[in-house]
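Below is one structure; the comments refer to it alone.
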Amino acid sequence: MVRTRFAPSPTGFLHIGGVRTALYNWLFARGCGGQFILRIDDTDQTRHRDEALAPILQGFQWLGLDWDEGPGKEVEGQCYFQSQREERYQQAVEQLLESGHAYRDFATPEELQKEREQAEQEGRATRYSRRWMATSEEQCNRYREEGRGEVVRLKMPSDGELVIPDLIRGDVTFAWAREQDHVIRRADGTCLYHLATVVDDESFEISHVIRAEEHLSNTPRQIFIADALGYKRPQFAHLPYVAEPGSKHKLSKRKLQKYMKDREFARLQGEGEWIARQIHKQIDPEAFNPVLVDFYQSIGFLPDALLNYLLLLGWSLDDSTEIFTREKMIECFSLDRVNKAPASFDPKKLEAFQEKWFHAFDPKKKVALCLPFLQRAGLVAEPPDCSVGPQLLAILDAAGDRVKIAGDILHFADFFIADEALEYEQKPFAKRLGSPNARALLGRLRDRLAELDAFAAEDCEAAVKGFVESEGIKMGEVIHALRVAVTGKAVGLGMFDTLGLLGRDSVLRRISRALEQAESLPAGDVAKGD
RNA sequence: GGCCCCAUCGUCUAGCGGUCUAGGACUCCGGCCUUUCACGCCGGCAACACGGGUUCGAGUCCCGUUGGGGUCACCA
């Protein structure tokens, strides 16, 4: 049975690179009819564990990466938190001590440091001399009396090599002599990650360890531990890491300032912040940026789009298939087609996937996705008036691909606010309504629209066209002024759709109001159609 | 610095010895469409890091160089 795992630390954030690793684990397991396990690596900072874990689990749920075992899905008394598995680790340490694969060591940090420095001076590779290794109980006691701390170290082989058959990289060879006698139990008695992860992988019966490349160089010591303990070695697959936009450095949430120099990254971040502001979401840049999954969820990305992008960041099926549903991903994914070189995160391409997915998304579901944004922005009541659903559907229909993510609906807030509350963008307002001429024209158009019986988009179109003809002008000479008058903006949906959507009363009121306010404008630019 | 990994357009990639004057996608740049914007359509720019081998033939195999990256904790 294939069993894979993803082992996040409860840091409060779900990193985009981490999710890709999780995705590959999940896909591999699902594709083999195997199981995917979520284990929490919290041997370190445990203070606010539950608080820091919730957003991570929530991110997995949003993405639809379900786990067969893990928090909330415990199987026969297994515990999925490393912090609570200490007893097993201690047993393992004792076993290693007993079999001679590990030893008690009493060197002080200063002494260790000195050895390292000396080795460096002599140009040797540093390897601990084992000078403070205790070989008997008597010796232990002597060191203890001196007040030395006691750690347990691995007793690594001094010759021979290890060949790791990596499912992505092929055979990777290491020389044992280069490996350090790593500490597996601290002076305070707690165990370290390398020991813990091996013990856990055994007890959860993990068959395939699929993880980031940065773990490749600690694999030898983990294999040493597994062998010494008599465990079956899992198969390994080391993924290249996800790199920064436009660079080959590992993507890290700590280097935001640097990423903000990337135009597209900064633009995405800016749009996200704009949406967050509209919905009154508190934003801490550390916790709200395009490196974190929560960012995308917050502004209305589709999880399928994010998954689709991540899938192709380091893996491909062939020379042409771009769109993958979950089912197709599971069906097609294989480790041997994972690329070996790191792949840079490209926010623009991620957006392109979002656009494609959202374009094809069911209109009614789009309504359901967009509605909460309007509600949080205070534009629509909760629960909504029964007219809102159809209205929103009509707006989305008219908007077409202008709404790329659910939060974009907030760019069309002018359909939801009171006529008296409409705000005008200054520049286009002055440009389009600055001249008395333009105002007179708009006034006459208003009269024409007022005569209409029906006010659907087609009716408005016919009326405006008729008006333009009778005035002997071009469409552009009046339509821009009309747009600014009724929406406050220079750009927006199709003009006639906009009129139909607003309805006669609103349109007439808004034109009158704009005309009034434009009176106080300083006479200046005479607007001509573009 | 030691060890390990990696190397095709700006980016993600296809390519597993001849079908490669290197294909697709994103970006970018023109143009068309058009009441603005978005979409759409048409077209364009753009890459096998370098040097040796092996071979009738190398982007594809081998070696080296260069370059990039990861890792070297009583962090995970």
Side-chain angles (χ1 to χ4, degrees), chain A residues 7-9 11 41-45 82 105 107 109 112 116 119-120 123-126 149-153 164 166 168-169 172-175 177-180 182-194 196-197 212-220 238 240-241 243 245-250 263-264 309 312-323 339-353 355-356 359 399-404 408 411 428 461 464-465 468 474-480 482-484 487 489-496 498 529-530:
Chain A
S9 289
T11 55
D41 280 11
D42 59 346
T43 51
D44 218 26
Q45 70 295 52
Q82 288 194 326
D105 186 68
L112 250 17
R116 265 184 230 125
E120 201 168 320
R124 290 186 282 119
T126 37
E150 169 185 344
V151 302
V152 175
R153 288 180 182 277
I164 302 170
D166 190 281
I168 292 171
R169 274 149 221 290
V172 183
T173 308
F174 290 90
R178 307 255 177 223
E179 295 298 315
Q180 302 294 327
H182 292 280
V183 172
I184 52 174
R185 189 168 71 192
R186 299 181 180 93
D188 69 3
T190 60
C191 294
L192 275 98
Y193 164 78
H194 293 295
T197 198
E213 184 191 358
E214 62 240 48
H215 289 282
L216 182 55
S217 48
N218 2 345
T219 305
H238 286 95
Y241 52 87
S247 127
K248 287 296 175 205
H249 290 261
K250 195 168 76 171
R263 239 179 66 205
E264 294 306 334
Y309 171 72
L312 262 13
L313 193 62
W315 180 88
S316 68
L317 177 65
D318 52 33
D319 61 349
S320 55
T321 316
E322 293 272 332
I323 297 296
N339 241 321
K340 289 200 264 274
S344 302
F345 173 64
D346 180 357
K348 196 79 191 174
K349 188 143 188 176
L350 169 53
E351 285 180 280
F353 276 103
E355 283 177 39
K356 275 187 193 154
H359 173 84
D401 291 326
R402 292 176 186 87
V403 174
K404 301 176 197 305
D408 278 343
H411 288 292
E461 181 166 2
V464 174
K465 282 189 170 155
V468 162
K474 284 189 197 148
M475 187 82 94
E477 290 176 67
V478 72
I479 210 157
H480 299 296
L482 177 60
R483 178 185 300 285
V484 176
T487 67
K489 298 189 184 77
V491 300
L493 310 188
M495 193 65 254
F496 310 119
T498 303
D530 283 354

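Values below: every heavy atom of this structure, side chains too, minus hydrogens, waters and symmetry copies. Note that the structure is a prediction, hence the values are computed from the model and not measured. In what follows, chains are A, B, ... by sequence order, proteins preceding strands, each numbered from 1.
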Exercise for the section: Have a look at A:L493 and say if it touches a base, only the backbone sugar-phosphate, or nothing, with a 4.0 Å heavy-atom cut-off. Expected result: base

Exercise for the section: Answer with base, sugar-phosphate or nothing: what part of the nucleic acid does A:A187 contact at a heavy-atom distance below 4.0 Å? Expected result: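 The answer is base, as A:A187 lies within the cut-off (heavy atoms under 4.0 Å) of a base atom.
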
Say whether, by atom type as modelled, one donor and one acceptor occur between the side chain of [X] and the main chain of [Y] under 3.5 angstrom.
X      : Y      : result
A:N339 : A:A341 : no
A:S247 : A:A243 : no
A:R483 : A:L493 : yes
A:S9   : A:D41  : yes

Using atom [atom1] in both nucleotides, what's the gap between [N] and [M] to the nearest angstrom?
N     : M     : atom1 : result
B:U13 : B:G70 : C1'   : 22 Å
B:G44 : B:C61 : C1'   : 36 Å
B:C42 : B:U60 : P     : 34 Å

Handout entry: Quiz item: A:K340 side-chain donor-acceptor pair to B:A7 base, under 3.5 Å
Key = no

Handout entry: No-H, no-angle donor-acceptor pair, A:R169 side chain to B:C5 base, under 3.5 Å
Key =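 Absent.
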
Practice task
Scan every strand shown for a Watson-Crick or G-U wobble partner of B:C56, both distances under 3.5 Å, and answer none if you come up empty.
Solution key: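 Partner of B:C56: B:G18.
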
[N], OP1 or OP2 - any side-chain N/O from [X] closer than 4.0 Å?
X      : N     : answer
A:R178 : B:U71 : no
A:R263 : B:G10 : no
A:S217 : B:C3  : no
A:K248 : B:G70 : no

Practice task
Starting from the 5' end of RNA chain B, give me the residue, A:P8 or A:I168, whose nearest nucleotide shows up first.
Solution key: A:I168

Exercise for the section: Answer yes or no as to whether B:A73 has its base stacked against A:H182, where stacking requires a ring-centre separation under 5.5 angstrom and planes under 30 degrees apart. Expected result: no

Exercise for the section: Check the angle between the aromatic planes of A:Y309 and A:F345 and answer parallel, tilted or perpendicular using the 30° and 60° thresholds. Expected result: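 A:Y309 vs A:F345 ring planes: perpendicular.
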
